[in-house]
Every structure is written in C-alpha cells, then in structure tokens.
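Everything below concerns the one structure shown next.
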Amino acid sequence: MGVGATMQSLAEILSSDSGSLVLGLAALVAMAAPFVDRYFIRRRRLAFRVLYNSKIGLSPIDLHDGENGSAQADPQLERTARLLSRMSVVVIRVRNTGGFDIAPEDFEIPLSFTFGSRIVWDARVSDATDDGLRQHVRDGLEFFTRDTPQRPVEGAKLSRVRAWLPKRLAETPAPEAPEWHGVRFARLSLKRKEKFKLVVVLRESDGHDGEISKEIEHYARLAAGRIKDDRKQRRVTWPVVTTAVGVLLTGALLATLLVSWSRPSGETALCATGKLSVEGSSAFVPIIKGIAAEYHGQCDGAAITTRATGSVTGVRALAPVDAAGRNELAVLSDGRSGEAGADLEAKAVAVVVYTLVVNRAAGVDRLTNQQVKDIFSGRVRNWDQLRPGPSVPIGIVGRGQESGTRKTFEQKVLGSAEDRLTSDSCRKPERDPAAATTRCERGTTAEVLTEVGAVPGAIGYADVPAAKAAAAKDRQVGVVQLDGHYPDVTTIDAGYRFWTVEYLYTKGVPDNGSVLKRFLDYLASPTARAELQDAGFVPCVAKDGLLDPVCTRADI
C-alpha cells in the first residue's frame, strides 16, 4: 500500500469507535503524566538558584594616586585591599517547589555546595520564610573540607563562627586553620513553599592568579523527588511536551467525534434481520468473510455465510434466482462478468492487484510480459532458457475456467486463453506426454499457492495479499515483478497491467431494509474500508462517498 492509502486507513481507524477510545486514552495518559510524576513518583521537589556570584574587593592598583602611581596608599589599607581582591560573594536561593513537605530523612545525600578552587570564608542564612526556619537552617549548616567531603567537621557549625568579615579583613588566617571547601545542609527540612537564601563569602586559594573563579557545584539526592537548578531549567521540558501532545490528541478526538456525530446515520443503523449468502471469487471471499463477521458482531440478527465457488460459477448461480430469493444471494466477481445479464446489478467494491508467483527453484524474480506469454504458450519450457543456471523444468499451475482471476490474467497479461489442461500432478504432462506445456489446474487461490510452493520450477498467479502471505509463510514461494513493475496499486499508473476491480453482483436492486441492502451500505462504512485496506485492497468507495478514479478504469 502507498503512503496515501496508509494515511487514509489510519484516519478511518481513528474515526471508528475503537480509534476514538485509543485517542481518548492516549490524550488522558499524556496529560496525566506530569501530574502523576509530580504528585506520586517524584512528589518532593527542591529547587535552587544562584542569584549572585561576583567579586567584592578592590584591586590594590585602585588605591594608588597620581598619573604614575607615585602616591602610595596606607599599607594597612593596601593589605586589606589585596585580601578583598581575592574574595567573592555567592548568594543562593533554596526553596521547596513541590506539593509535599521535605523532612531530613527524605535526603539520601544531604544538599551541599562546593565552589571549585575557592575556600569558604564565612556564610549566613537570610531572607528565610520566618525566623524559625532561619534558625533551623543555621543550626544544621556545616562546613566541610576537601579531605572529608561527606563528613561534618567538628566545630564547623555556622552558629559558632567566632568573627564576622569586618574583623577578619585585618587578619591573616592562621596556617593551621582548616580551609573549608564547601557547605552542607544537615537535617534540612522545608515545608511547602518555604524558602531561604544562603550568603557565602569566599576567597581564592593560595597560589591562585587571575580572575575570580565562578564555579559552583551541588551534591544531593532526594528520595522520591528531584532537585533542580533553576538556571539550567529548559524552556521545553517533558511535562510541557506531554501536555502539548495531550492537547493535540484531545483536539483530534474532538474532531473525530464531530465527524462521527455529523454523519447522517451511524453504522448501527445499518442492521437488518435475515439471512444472506455471499459466493464467488476465491480471491475475495476471505476478506468478505471477515467483514461479514464484523457486521454480525454489530447486528446479531443478520446471518451471513460465504462460499468460494469462483467468479464465473457464482454469477451463473445468481442468474436464475427468482424474486423471492433475490435478497438472499450476492456474488463476487473478479472484474465485470460476461455471464451477467441485464437484470444483474454490479457494485464496485475494491481494486484487486494480482501477481505472478514462482517456486524459488526457478531462480527468477522478474519477468517481461513477453516472457510470460512464451512460458504459457510452451515456447519456453525450462528456466535455463531465461537465465543462466541449472536446468529446471517449468510447471504451470493455473485456475479453472470458473475463475475470475484466470479471466483477468488472460485478458490483461496473455491477451489470449490459457493452454489446455495437460497435467494432474503439475510435475509432468500425464494427460498428454507430447504437450508443449505441463499445465495443471487448482480450484482456489490457496491451492494454487500451495502447489507453487511444492513443485520446483512451478509458476502461477494470485492476488497480491494472498501471495505475500504465502511468501511470508513458505520460503519456496516468490513474488515476481512484471515488466519492471512491482505488483502494487501504486504502480498501476506507471503501467502495471495485472489488476482489476472486484464487483459484487445482485439480482436487481435489493429491497430497503433487507440484510443484502444493509450489508452493501456497510461495505462503504469506515470500518469495512479499514478492513479492506488492512487486507491489502483499495476500497472503491472513498471516505467522501465518491468512487475512486482507479475503479472507473478497470475495463479500459
């Protein structure tokens, strides 16, 4: 099937009741996913944002006066300036953005911050939601060193810091003083929407030369939750995407419901009570059987049976039906039937594309139309006449004269009638040892495909869906290109000739309210069209109710 047909089939399936259910469930899942994640999977959420990260000092050069820097600043002030030139301030806001309180035991790894090569000089908690929170955070705030990144250092509580920045400016840190590498929030708890700010004063490590570094890293793990840096929050997040997808799916669902409600009558209105027999084409009866089962599932008062008798035989059986039984029999024919009289009505159902099939021992996967004529006329009797390789006799597996598939093959490919029956086994011409061809016949498409797979070098023909299914099941069955065209409805315009339209014949116009009339209407429904497309056939009645242009060209 082509892309257009596939999209049409998808649209029709989605417009059906089951398709609407799928759309509704998909929309519900997409829109509910962010809420499930937020309130059930990762319900605890902690966010932080670096509000300020910059140098706080003056360069000692700024303290000199005069054009040539001849005036010297006070030595004490210059030492202070040199100290300040290596210091920076970081302000970090921490807040509970989830819908649940966060307790200390919820942290698998406590929240901590490190600052690259910078050393923590001092820190304070400010702008807390209330004084109780500020005191709680200060009591649990700890310094740690490079050597002990996950263990608190004794005496490192900020509530016990002995001096604040102004006093330290004039001092040189004692060599034995620990160099704090980072800060950690031990036993941190935050209620919903609570927040605070952490102000950290830092200095560059000894030996650092150049600009103040700006590096900040955080370490934490929150059970059943997430911790995010607001600075790195992407504009397009997966909750936004899933919500957008949910909205789009909801729109598609509403559109399909509106289309469904705008129809003049639903498929359930096509029900009728009674019996109907559908006979004829062995290529098409299987798909009609499936559609009839779907119809019976909605209309249990309708009893529909199917029987593969062949297109010609089916039409002949319909001709003598009287008025009393004309609503109880319909016949499938591959192409228009020459047996049909003026009192038979033909309804185009679907485009049927056929293909030649070979046993893979033949060693070919493409043939020209002339080569096919030579094979079926007996001018070519061995595959080594068409390709290099071993000798493999050709056995022809055809259909009987009641077959519409055979009639299409003779009209569209051979341009003449097939040769006479010469074989029963399909392996040698037992009926006429002197015959130019070894040709047997089988009554159904399935029997032809089985025989082709069983007889080395055999060739036959079948509808494409059945041939593809047989090739997938039996590795000995191969589909053949004809004149360089792959057998598909999309190659018809390019010149592929082996195809026709499937017609459903009735004796006159069916009575309104009969099972036959209702079933004919059902064949144009979205459900039936989707069934046809899934089976590999192109419906003649399009979604808009008009006849597909291909179906008007079948007899040209």
Side-chain angles (χ1 to χ4, degrees), residues 1 278-292 305-317 330-335 337 349-360 362 372 376 395-414 418 421 423-424 426 439-455 458-480 482 486-489 496-505 531-538 554:
M1 294 175 63
V278 182
E279 302 177 359
S281 167
S282 66
F284 211 75
V285 159
I287 178 58
I288 288 295
K289 182 178 181 179
I291 294 176
T305 59
T306 58
R307 190 161 64 103
T309 61
S311 299
V312 176
T313 301
V315 174
R316 287 175 179 172
V331 172
L332 293 164
S333 174
D334 301 338
S337 174
V349 179
V351 177
V352 184
V353 181
Y354 300 96
T355 182
L356 288 154
V357 289
V358 297
N359 183 285
R360 292 193 183 277
V372 175
F376 278 77
I396 299 171
V397 185
R399 295 288 305 278
Q401 293 184 354
E402 81 288 345
S403 168
T405 304
R406 170 177 172 172
K407 179 188 67 175
T408 303
F409 177 65
E410 291 175 338
Q411 291 176 347
K412 299 292 185 73
V413 180
L414 291 186
E418 283 195 57
L421 177 66
S423 173
D424 294 322
C426 306
R439 182 182 176 275
C440 64
E441 292 179 358
R442 293 295 180 262
T444 65
T445 298
E447 291 174 350
V448 168
L449 291 168
T450 299
E451 205 65 55
V452 169
V455 178
I459 183 172
Y461 44 79
D463 60 280
V464 168
K468 287 184 176 179
K473 182 179 179 181
D474 186 350
R475 294 183 179 180
Q476 294 305 311
V477 178
V479 175
V480 177
L482 183 61
Y486 191 79
D488 189 82
V489 69
Y496 188 77
R497 64 179 67 201
F498 195 9
W499 65 278
T500 191
V501 169
E502 191 71 24
Y503 290 95
L504 194 146
Y505 280 92
E531 288 281 342
L532 289 169
Q533 290 174 324
D534 287 345
F537 301 101
V538 177

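Only heavy atoms go into these numbers, but all of them, side chains included; no hydrogens, no water, no symmetry mates. What you see is a predicted model, and the numbers here were worked out from it, not measured in a lab. For the single chain, residues carry numbers from 1 onward in sequence order.
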Query - Where Val285 and Glu279 come nearest, the two heavy atoms and their spacing - result: CG2-C, 4.4 Å

Query raised in the report: How would you list, by chain and number, every residue that makes a salt bridge (Lys or Arg N to Asp or Glu O under 4.0 Å) with Asp474, sequence neighbours excluded?
Result: none

Report task. Could you please spell out the steps behind the side-chain contact (heavy atoms from CB on, under 4.5 Å) verdict for Leu532 and Ile291? Result -> CA-CA 8 Å; Leu532 289 169; Ile291 294 176; 3.9 Å; yes

**Report entry** Gap between atom CD of Glu410 and atom CD of Glu418 - 0.5 Å precision
**Finding:** 5.5 Å

Query - Residue pair Val353 / Asp488, side-chain heavy-atom distance below 4.5 Å - result: no

**Report entry** Any side-chain heavy-atom pair of Ile459 and Phe376 under 4.5 Å
**Finding:** yes

Query - Under 3.5 Å donor-acceptor, Arg399 side chain and Arg442 backbone - result: yes

Requested in this report: Any chance you could lay out the side-chain contact (heavy atoms from CB on, under 4.5 Å) test for Val349 and Phe284, step after step, and finish with the verdict?
Outcome: CA-CA 10 Å; Val349 179; Phe284 211 75; 3.9 Å; yes

**Report entry** Closest contact, heavy atoms only, Glu441 versus Leu421
**Finding:** N-CD1, 3.6 Å

Report task. Search all heavy atoms of Glu451 against all heavy atoms of Cys426 and return the closest pair with its distance. Result -> CG-SG, 3.5 Å

Query raised in the report: Do Thr309 and Glu402 come close enough that some side-chain heavy atom pair is under 4.5 Å?
Result: no

Query raised in the report: Among Val315, Thr306, Ile288, whose side-chain contact (heavy atoms from CB on, under 4.5 Å) with Leu332 holds?
Result: Ile288

Query raised in the report: Does Tyr503 reach the main-chain N or O of Ser337 with its side chain, forming a donor-acceptor pair under 3.5 Å?
Result: no

**Report entry** Non-hydrogen atoms of Thr445 and Ala466 that approach each other most closely
**Finding:** CG2-CB, 4.0 Å

Query raised in the report: Got a sec, which residues hit ring pair (Phe, Tyr, Trp, His ring centres under 6.0 Å) with Phe498, two or more places apart in sequence or on another chain?
Result: Tyr354, Phe409

Query raised in the report: Atom CD of Glu502 and atom OG1 of Thr408: how far apart are they, to the nearest 0.5 Å?
Result: 8.5 Å

Requested in this report: Kindly indicate whether the side chain of Tyr496, heavy atoms from C-beta on, has any atom under 4.5 Å from the side chain of Thr355.
Outcome: yes

Requested in this report: Taking all heavy atoms of Ala467 and all of Val357, pick out the closest pair and write down the distance.
Outcome: CB-CG1, 3.8 Å

Report task. Considering non-hydrogen atoms only, spot the tightest contact between Leu449 and Val477 and give its length. Result -> O-CG2, 3.9 Å

Query raised in the report: Got Lys407 and Asp334 here, is their nearest side-chain heavy-atom distance under 4.5 Å?
Result: no

Query - Side chains of Asp463 and Phe537 in contact at under 4.5 Å (non-hydrogen atoms) - result: yes

Requested in this report: Not counting sequence neighbours, which residues clear side-chain hydrogen bond (donor to acceptor under 3.5 Å, both in side chains) with Ser311? List them please.
Outcome: none

Requested in this report: Decide side-chain contact (heavy atoms from CB on, under 4.5 Å) for Val397 and Val455; before the verdict, give the C-alpha distance in whole Å, the side-chain angles of both, and the deciding distance to 0.1 Å.
Outcome: CA-CA 9 Å; Val397 185; Val455 178; 5.6 Å; no

**Report entry** Intermediate values then yes/no, side-chain contact (heavy atoms from CB on, under 4.5 Å), Arg497 and Leu482
**Finding:** CA-CA 9 Å; Arg497 64 179 67 201; Leu482 183 61; 4.1 Å; yes

